[in-house]
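Following: one structure in structure tokens, then a few remarks.
Start at 1 with the first residue, then count along the sequence. Being a predicted model, the structure only gives us computed values, none of them experimental.
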Amino acid sequence: PTNLLLNPDFTDSEKNWTGIEDPFKIHYDNEGKSGDISGGVRVMPVGGSITAGVGAEQDKTGYKYGLFKKYKDDGANVNFVGPSSLGNDFGKGSGHAGYSGWRIDQIDSNIESWMYNYGPQVILLMIGTNDILQDKSDNNLFAGAPDRMEALVDKVLAIDPDVQLYVATLTPLNNAG
């Protein structure tokens with residue numbers, strides 16, 4: 001599907017400070033959409049602790065504030081939406097669906113209600129690291145992660161075929177000790 005944007009063809013100079021392809025390239029065109037919050041594009045960051053902002057030294061917003069600020073500085077009318085605003089102190093339109101320790105299956109269990117309740121037009125999905133970190137020899141979390149991710153992506157696109165879905169690669173881990 002054209003709305004599933006895995007590794008878009010951006011040049012290295014178009015990557016933002018997180019090293020992830022720049023979600024700022026999201027189209028702002030809101031024509032034909034209903035229920036806009038102040039006319040802005042509804043963006044829902046979804047994922048685990050990185051999305052929640054855990055480990056963000058200064059502002060506890062993780063990548064969300066820098067991205068939100070970049071949108072606003074460029075004059076874009078965006079609203080981050082989602083069931084949580086924990087860790088976000090950058091005002092109205094700073095929601096998200098980031099929960100520390102959550103795995104793909106936990107996001108999958110909630111994504112439908114989030115999409116219906118918040119109506120995102122854009123979803124930034126960064127999930128899977130906890131499937132690796134919580135893997136044990138008997139729970140198949142790591143081996144089953146690709147199938148769960150595929151099912152989650154299929155579910156999102158079945159719920160709203162027009163949503164722009166950006167799927168991030170896994171964050172590198174440094175758990176050698």
Grab the two heavy atoms, one from [X] and one from [Y], that are nearest each other, plus how far apart they are.
| X | Y | result |
| --- | --- | --- |
| Pro83 | Ala97 | CD-CB, 3.8 Å |
| Val81 | Met44 | O-CG, 3.1 Å |
| Ala52 | Ser100 | CB-N, 4.4 Å |

Nearest 0.5 Å, please: how far is [atom2] in [Y] from [atom1] in [X]?
| X | Y | atom1 | atom2 | answer |
| --- | --- | --- | --- | --- |
| Ile127 | Ile111 | CD1 | CD1 | 10.0 Å |
| Ile107 | Met149 | CD1 | CE | 9.5 Å |
| Gln134 | Thr129 | CD | OG1 | 10.5 Å |
| Leu165 | Leu152 | CG | CG | 8.0 Å |
| Ser109 | Ile104 | OG | CD1 | 12.0 Å |
| Tyr118 | Ile123 | OH | CD1 | 13.5 Å |

In terms of the angle between their ring planes, are Trp102 and Trp114 parallel, tilted or perpendicular, with boundaries placed at 30° and 60°? parallel

Pair Lys155-Asp108, salt bridge (charged side-chain N to carboxylate O under 4.0 Å, His left out): steps then yes or no: CA-CA 8 Å; Lys155 180 186 263 187; Asp108 186 271; 3.1 Å; yes

Min side-chain heavy-atom separation Asp131-Asp135 under 4.5 Å: no

Arg42 side chain to Gly119 backbone, donor-acceptor under 3.5 Å: yes

May I ask you to decide if Gln106's main-chain N or O and Asn110's side chain share a donor-acceptor pair within less than 3.5 Å? yes

Residue pair Asn77, Lys72: steps toward the side chain to side chain contact (heavy atoms under 4.5 Å, CB included) verdict: CA-CA 7 Å; Asn77 189 3; Lys72 295 297 182 179; 4.0 Å; yes

Can you tell me which residue among Val41, Val78, Asn79 is in a side chain to side chain contact (heavy atoms under 4.5 Å, CB included) with Tyr71? Val78

